[in-house]
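In what follows, a structure is listed as structure tokens, so that the remarks can point back to it.
Because the structure is a prediction, the values reported are computed rather than measured. We count ligands from 1, going down the list as the structure has it; atoms in each ligand are counted the same way.
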Amino acid sequence: MSAPHDLEHEAIAHGQRAPACTMVIFGAAGDLTKRLLIPALYNLARTGLLPEHFALIGMDRLEMSDAAFRAHLDAALRAFAADKHYAQALDETHWNELLQRITYLQGDFGEAQAYERLRDKLAAGELAQRSADNVLFYLAVAARFFGGIVDHLGAAGLVTEAPGRWRRVVVEKPFGHDVQSARALNAQLRRHLAEPQIYRMDHFLGKETVQNIMLMRFANSIFEPLWNRDHIDHVQITVAETVGVENRAGFYEGTGALRDMVPNHVFQLLALTAMEPPASFAPDAVRSEKTKVLTAVHRVDAACDSVRGQYVVGERDGHLLRGYREEVGVSAISMAETYVAMQLGVDNWRWSGVPFYLRTGKAMSKRSSEIVIQFKRPPLSLFRDTATKALTPNALVLKLQPDEGAALMFGAKIPGPSLSIGQVHMDFHYKDYFQNAPSTGYETLIYDCMIGDATLFQRSDSVIAGWEIVQPILDYWAQDAQAPLATYATGSEGPAQADALLQASGRVWKRLA
Ligand code: BG6
């Protein structure tokens, strides 16, 4: 089947109601749908951003009536309603209006007839009669189904665009398992879809604090002049979690921390931190700059520049916690890493010689995602008599979650007759300035798909560039005998070997806070 033409669709400004469309969720009976997609759609309805003419078709293998599907979603949303991420009190009017627009279609994703039934349902829908034939297909399914579903959508003619009618597909992560499979998946999708029709989801980009990295850098004039190799000593990017593998051993055993977190979430943070200012905030202007950063990362020497770790029994807050190999569904000889740290260099004029240290892990002491921009030390001659360790260099810490904000660390005179320096923090907390609207983090992303703004979605070249960086590490680790798996106690800050990555150059990780 030939690829559809890239069609221009009328641009909708942010903040306006999205245009009429139908959303089809594959995997409608799954966890993502009830936990994030439906609450996000409800929040969009509540804030007046959901299209005036909107329908949702949930599709899954289970036999279920429309009423049973609605009851299932209703129970889930009510259970979440007390949670701060959703809404304090359910707005019954908006929720009931949304529920009335939801229907269910039973179908096996691998069967052509299911897509014929879907086509009939879309054609018979109220929306089609109003000739608002736009459809957003959301693949909230396991990654092995992505390619097959799009093949079927293509064969059934469901993703063919026409003037005034868009068809878009949202693909959740993981996008591929390595460079080769990511390329193959891209090729499979591109047989039926033009690149602008594909929205590759990375939910980190839905986080306000992640979007703020670009704003912080480019909407202020004080940071950018310092944001380069002349002033920055190194950068640390941390995504630390306290949760272990939970009930996801089936997925995690074959995935591990590197694939699960790095080519997607952590590299998005790297790209936003290191990118050049885009010529505009147009989706491709931003995405091109991000891709350039990833393609400028020089080849990682896996043996020297990466550390993998797995959590073993430990304790947090006085509670004894089991190790990864004791988790339900995990092999007693599992080599899956639950922690990864690495050192990277970005070979361009701005960053040459500045190390970027990245780490992410599960079952750690604190949940904390931060980016630390560590500046160079001042010349020491004036402070010859001050212990060097008291002269802590300046750092800007972008706090992504859970404590959202930023902190600037600098030295100040300790009051008293002697000239001694102490380190102080200037802290900004989001909650002190902005009211936090209940949000799952998916609202902006779903809304952006509806209005056709792909800025916060991964373009194919950037996904491939991410996999290319980690591929040498994956290959090296595949030889278990040569690549040691470090251990770290649950509730700790990670394996000692990760500290050694920085120690070699006299640097240390910022403590998890
Ligand atoms: C997901 C990973 O993509 O991101 C999970 O598969 C991880 O393993 C999660 O826990 C972290 O996301 P958040 O939004 O909770 O920081």
Pull out every atom of ligand 1 sitting under 4.0 Å from any heavy atom of [X], numbered as shown with elements.
X: His265; answer: 1 (C), 3 (O), 4 (O)
X: Lys207; answer: 13 (P), 14 (O), 16 (O)
X: Asp260; answer: 2 (C), 5 (C), 6 (O), 8 (O)
X: Lys173; answer: 1 (C), 2 (C), 3 (O), 6 (O)
X: Lys362; answer: 5 (C), 7 (C), 8 (O), 10 (O)

With Ile25, which of Leu56, Val170, Leu136 fulfils side-chain contact (heavy atoms from CB on, under 4.5 Å)?
-> Leu56
Please confirm whether [X] makes a cation-pi placement over [Y], using NZ or CZ under 6.0 Å from the six-membered ring centre and within 45° of the ring normal.
X: Arg46; Y: Tyr42; answer: yes
X: Lys173; Y: Phe175; answer: no
X: Arg61; Y: Phe109; answer: yes

Using salt bridge (Lys or Arg N to Asp or Glu O under 4.0 Å) as the criterion, point out the one residue from Lys399, Arg359, Lys510 that pairs with Glu370.
-> Lys510
In the protein, which heavy atom is nearest to [atom], and how far is it?
atom: atom 15 (O) of ligand 1; answer: Arg367 NH2, 4.0 Å
atom: atom 5 (C) of ligand 1; answer: Arg248 NH1, 3.3 Å
atom: atom 16 (O) of ligand 1; answer: Gln401 NE2, 2.7 Å

Could you check which of Glu172, His203, Met261 puts a non-hydrogen atom nearest to atom 13 (P) of ligand 1?
-> His203
Only counting residues at least two apart or in another chain, list the ones meeting side-chain contact (heavy atoms from CB on, under 4.5 Å) with His425.
-> Met409, Gln423, Asp427
Short version for Phe204: what comes under 4.0 Å of ligand 1, heavy atoms counted, is side chain
What class does the angle between the rings of Phe204 and His265 fall in, given that below 30° is parallel, 30 to 60° is tilted and above 60° is perpendicular?
-> parallel
Between Tyr138 and Phe26, is the gap from one ring center to the other below 6.0 Å?
-> no
Nitrogen or oxygen of Glu241 less than 3.5 angstrom from that of ligand 1 | yes
